[in-house]
Protein chains: 4
Amino acid sequence: MKALVYHGVGKITLEERPTPTLVEPTDAIVKVTKTTICGTDLHILKGDVATCHPGRILGHEGVGVIEAVGLSVSTFKPGDRVLISCITACGRCAYCRKGMYSHCTTGGWILGNVIDGAQAEFVRIPHADTSLYPLPQGADEEALVMLSDILPTGFECGVLNGKIEPGATVAIVGAGPIGLAALLTAQFYAPSAIIMIDLDDNRLAVSKQFGATATLNSADGSVVEQVKRLTEGRGVDTAIEAVGIPVTFNLCEDIVAPGGVIANIGVHGVKVDLHLERLWSQNVTITTRLVDTASTPMLLKTVQSGKLAPKQLITHRFKLKQILEAYDTFGKAATTKALKVIIET
Amino acid sequence: MKALVYHGVGKITLEERPTPTLVEPTDAIVKVTKTTICGTDLHILKGDVATCHPGRILGHEGVGVIEAVGLSVSTFKPGDRVLISCITACGRCAYCRKGMYSHCTTGGWILGNVIDGAQAEFVRIPHADTSLYPLPQGADEEALVMLSDILPTGFECGVLNGKIEPGATVAIVGAGPIGLAALLTAQFYAPSAIIMIDLDDNRLAVSKQFGATATLNSADGSVVEQVKRLTEGRGVDTAIEAVGIPVTFNLCEDIVAPGGVIANIGVHGVKVDLHLERLWSQNVTITTRLVDTASTPMLLKTVQSGKLAPKQLITHRFKLKQILEAYDTFGKAATTKALKVIIET
Amino acid sequence: MKALVYHGVGKITLEERPTPTLVEPTDAIVKVTKTTICGTDLHILKGDVATCHPGRILGHEGVGVIEAVGLSVSTFKPGDRVLISCITACGRCAYCRKGMYSHCTTGGWILGNVIDGAQAEFVRIPHADTSLYPLPQGADEEALVMLSDILPTGFECGVLNGKIEPGATVAIVGAGPIGLAALLTAQFYAPSAIIMIDLDDNRLAVSKQFGATATLNSADGSVVEQVKRLTEGRGVDTAIEAVGIPVTFNLCEDIVAPGGVIANIGVHGVKVDLHLERLWSQNVTITTRLVDTASTPMLLKTVQSGKLAPKQLITHRFKLKQILEAYDTFGKAATTKALKVIIET
Amino acid sequence: MKALVYHGVGKITLEERPTPTLVEPTDAIVKVTKTTICGTDLHILKGDVATCHPGRILGHEGVGVIEAVGLSVSTFKPGDRVLISCITACGRCAYCRKGMYSHCTTGGWILGNVIDGAQAEFVRIPHADTSLYPLPQGADEEALVMLSDILPTGFECGVLNGKIEPGATVAIVGAGPIGLAALLTAQFYAPSAIIMIDLDDNRLAVSKQFGATATLNSADGSVVEQVKRLTEGRGVDTAIEAVGIPVTFNLCEDIVAPGGVIANIGVHGVKVDLHLERLWSQNVTITTRLVDTASTPMLLKTVQSGKLAPKQLITHRFKLKQILEAYDTFGKAATTKALKVIIET
């Protein structure tokens, strides 16, 4: 089969690889119909993800059709259309028991990282019963590819952890795909204000279309004052960090209201300053989270009922044979204005 | 009346001051019968608390008897025995409405800080209806002085924010009065382990008597490994920071389990390093809080029913005329082994 | 001043009454600009509310302007535009401290019940600081009259108690004003389905306009099966009872899914059958609540930000001198299609 | 092997049956070392449990040793000592995903009900990975038999659903084994009062030993007044129903405070009267629950750390060959004073 393979820093190729086969009785083999590229894949390409070794097929998102299932798989049978979760969950360990699938002792984020991934014609999914989701009748496959990772990530790490409530004020720092996913799902809770902050005017314009009540370009240096002015001097109830660098985390510390939450989504490479000399008395909560995809069944329902329209995140479409071009387009988002790309196999 | 007055860095005197009188219709004048000294008072003495100016009567803890009440005070009448809360709450503003009294727009921590305090024969209490609590019949006054600040602080900032649950593992970094208050109230929730960490062997010995399941002296440098060993390699579900310096906060970052909470109680003077490059994916929660004393009614019930014995925190007793000696004893805790001192007026 | 006075079962008159004056230092006198009629007023008229004696001025809803305030009222001054809460709260008692204003020991639902109410030119509001809310700049007074009672009732008793979540399924039994208030505020949480059930086709048609995803007329006897069919056989996650009679409560018991909630809003006059022989093992929760209006500040924000449009509940408008006609119109809702009526003073 | 078999109303025999074998790849065969008898077994004997047909081996509690495991069982291997949960959970269905194992679509309470149970030398456990728990090193097997059903039932249905908090007041109606299990686990949360109510003075005396702060014999007809007197006229924050008949449920309705919870544990055979004509405005919550045993891992930790001593529930011990005598003793609890009996195989 054809697969996108990582060969060390900066090197990926589309090449022929053996079709995967069942290894454990809990495995399924999925014929991938649509996949996408994640910001994390770019991190791998930069060599930032130590667990991902050369030779690995990348990709942890997609939808497809069950090709084969192991002996103990009871939820799926060949021919079933499925959504692939970026998180593999055994459903048995102490972490899985409390819905913290991200830390599953034999799973977590392994797909396209420590085992071969979904940017290929076929993929082996361990713990299939608890790592795949049936596609609803008549579902739009493209839309649902967004539910493999980006929407549960924005929702769980940003919105749920951020404890967004009706009437509340929210700021999202970073209007990339993940910040936009938080923006879309924040609207489940009817906040009175969602302020999007970014350096890229195009992404801010997109944010407006996606439901932001205000947008601020952080280039001009007065963002803190502007957020305060938009919130009667208080700051925001929820500040969502969707970039992953010290300056954006510090901005969140500056704009969170007393009693508020800083919900971190960003993947950070270095430590940040936590200004406890000021925040110790501000009754704030700071959260971190690797997505658990525990909300996937719920998100499927919101898509099916029209409360969430994930398709608007898709800006480009490619065939699998064009995947290197897709990587290029996605990697140069500032000029291509790419958000999410769909790759059809 | 006699009062302990702050006169700038390092200078306090016991002197004669006019007895306070009612200013607002919501005020009460309380004849103080017992008060105590807080670690925060020592911070003021060092000049760390910018809002506290020379000339201020210190003290934000105590019990006493109502001497006079303003026109609109309906809960208390002269002669009533009351507990003074360290936090003044109007009960009306948006923060008070959600129980976040610490940020009351006309209150918060003002007593012995921006208005005269309770280390005196009399004290004026603004917003008396919502800043004083009736002492239950037959209550032990000494015990209840511990409910003005230290016990709600340990409980709200450490235990409640730390989300301690039956069977959980807890580490408390810092076995001073506030860490011990967290230790006592953590036991409300039947955790399976409470590990106390400090540099002072005497305080660790006290911790054992107060219910710690393990004690670790952090001098030897292997505390992280020892905590891991005591928790099957996972780290603790809740790490309570009860010191207020970078090294202890960092220790909490090192020992918190995936999915766990770092509940900060410590008053910090400088920023700390937050290792998001490691913690971003660990599903941890970090909380800060200035005590709200919203739990005071509940704590009174636990004392009355014998579930909490605050008196064991008291190591020394003085008369008001000896208050300078009391400050000296409390300030030299390492040698005097002082925890909390009672000052009788 | 003119006031609508209750004189025993079935008898109300519009008559001249002395203008109220300040009694307690915590009182305010409000010049009522707009008021409305509640289903509870009709209950009083039928003699169902034993606490309401003849001679009482009715009405517990409205907006107005502060005319005078007692000595200790600090939030308001004459000339301020205010929203009147149907619930009077002292802000000091144990119930108020936990936001359960409905059971305030010196308040609760007393307005137009045990003290004179708001269907008059002026009304005395006890505990004004915690029982009135400032109207935002530029607010639409008519819209905000809906926030005195009906919207917080639908929201707190139905939606909040019903624990509605994104993607969930909801049924609301009763499409009168209170059921419609629940329908409007349920949409704060993006449920995937809201099924409205009533006997009145006009109200069901209104429900559709207000956002119901399905409507069922309970006349035909197959409602339970239809709800099951709409929910994949499971029943609904939340069933809201918004009528107050045994048959509608029993319907909720029949349609609630395992793990679901029955949130009762209805004012019941007789006991109901609780089928524990079937429900004991169904992990259901049943809640009751007299509205606390603790959510009023939040609801004000959702109105100001356009997330909630309460004005659509208003079907008729009258002057105070026409209030008997207004009662007639509101009382004959089946023929007049009245939902809420506005009475301008 | 020897097994206790149900043969229709009132008829059980100890007889020879084929040793069970693996059927599904997710099965385990457990050699039972200790089992017990549940009140539900007596219900079966009376013919109250329609799903349990003649020929069934009874019993849903016990500890044992793994004899064999199916191909996909990964948590256990032959020789492992395990705790059997009364609830079988697949870990995959929508209910299991949210921890509501009681309603697992291919499990729930099936053991000793719709499939053969644990009052035998061997038992087949479906979905073994998620329906068995490893016994901790050095665990007391007798104590842990209490964790198969009775302790999670008392804890989840009574204590957790009852939202017991430090300082709260609790009444438990029914001091049989299940009420006592609630009593033991209620103490995890340091309530200020736990009032036990029963007709049997022996059980009330046991309750005192187990930590009740007050006991009331409901025979004398003044229980409601006595509860009110013990709670300053308010009633209790949590009323736990641990009997399962109308009169005890009604008692809970009479003693619950405004804002309180009635947590039903009892298995009811007939409907009860719910007095909504009084309770509609009392802000109460009523919960039902079939135990999920989701708390089993936590309860194991509390036992291991000495916070819970389940062994005190055991009053009698028998060998498997004496099981008919054990049933007799357990069935005549009023005279034998039996709480839980241990049956050793």
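Just so it is clear: chains get the letters A, B, ... in the order the sequence lines come, proteins before strands, and each one is counted from 1.
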Is there side-chain contact between D/Y189 and B/F188, with at least one heavy-atom pair below 4.5 Å? no
Any side-chain heavy-atom pair from B/Q304 and D/S192 closer than 4.5 angstrom? no
Turns out that what part of B/P297 lies under 4.5 Å from chain D's heavy atoms comes down to neither
With B/P166, the side-chain contact (heavy atoms from CB on, under 4.5 Å) member among D/T302, D/V159, D/L308, D/L299: D/T302
Tell me if the NZ atom of D/K77 is crowded by more than 12 foreign heavy atoms within 6.0 Å. no
Atom CG in B/L160, atom CD in D/E165: separation rounded to 0.5 Å? 8.5 Å
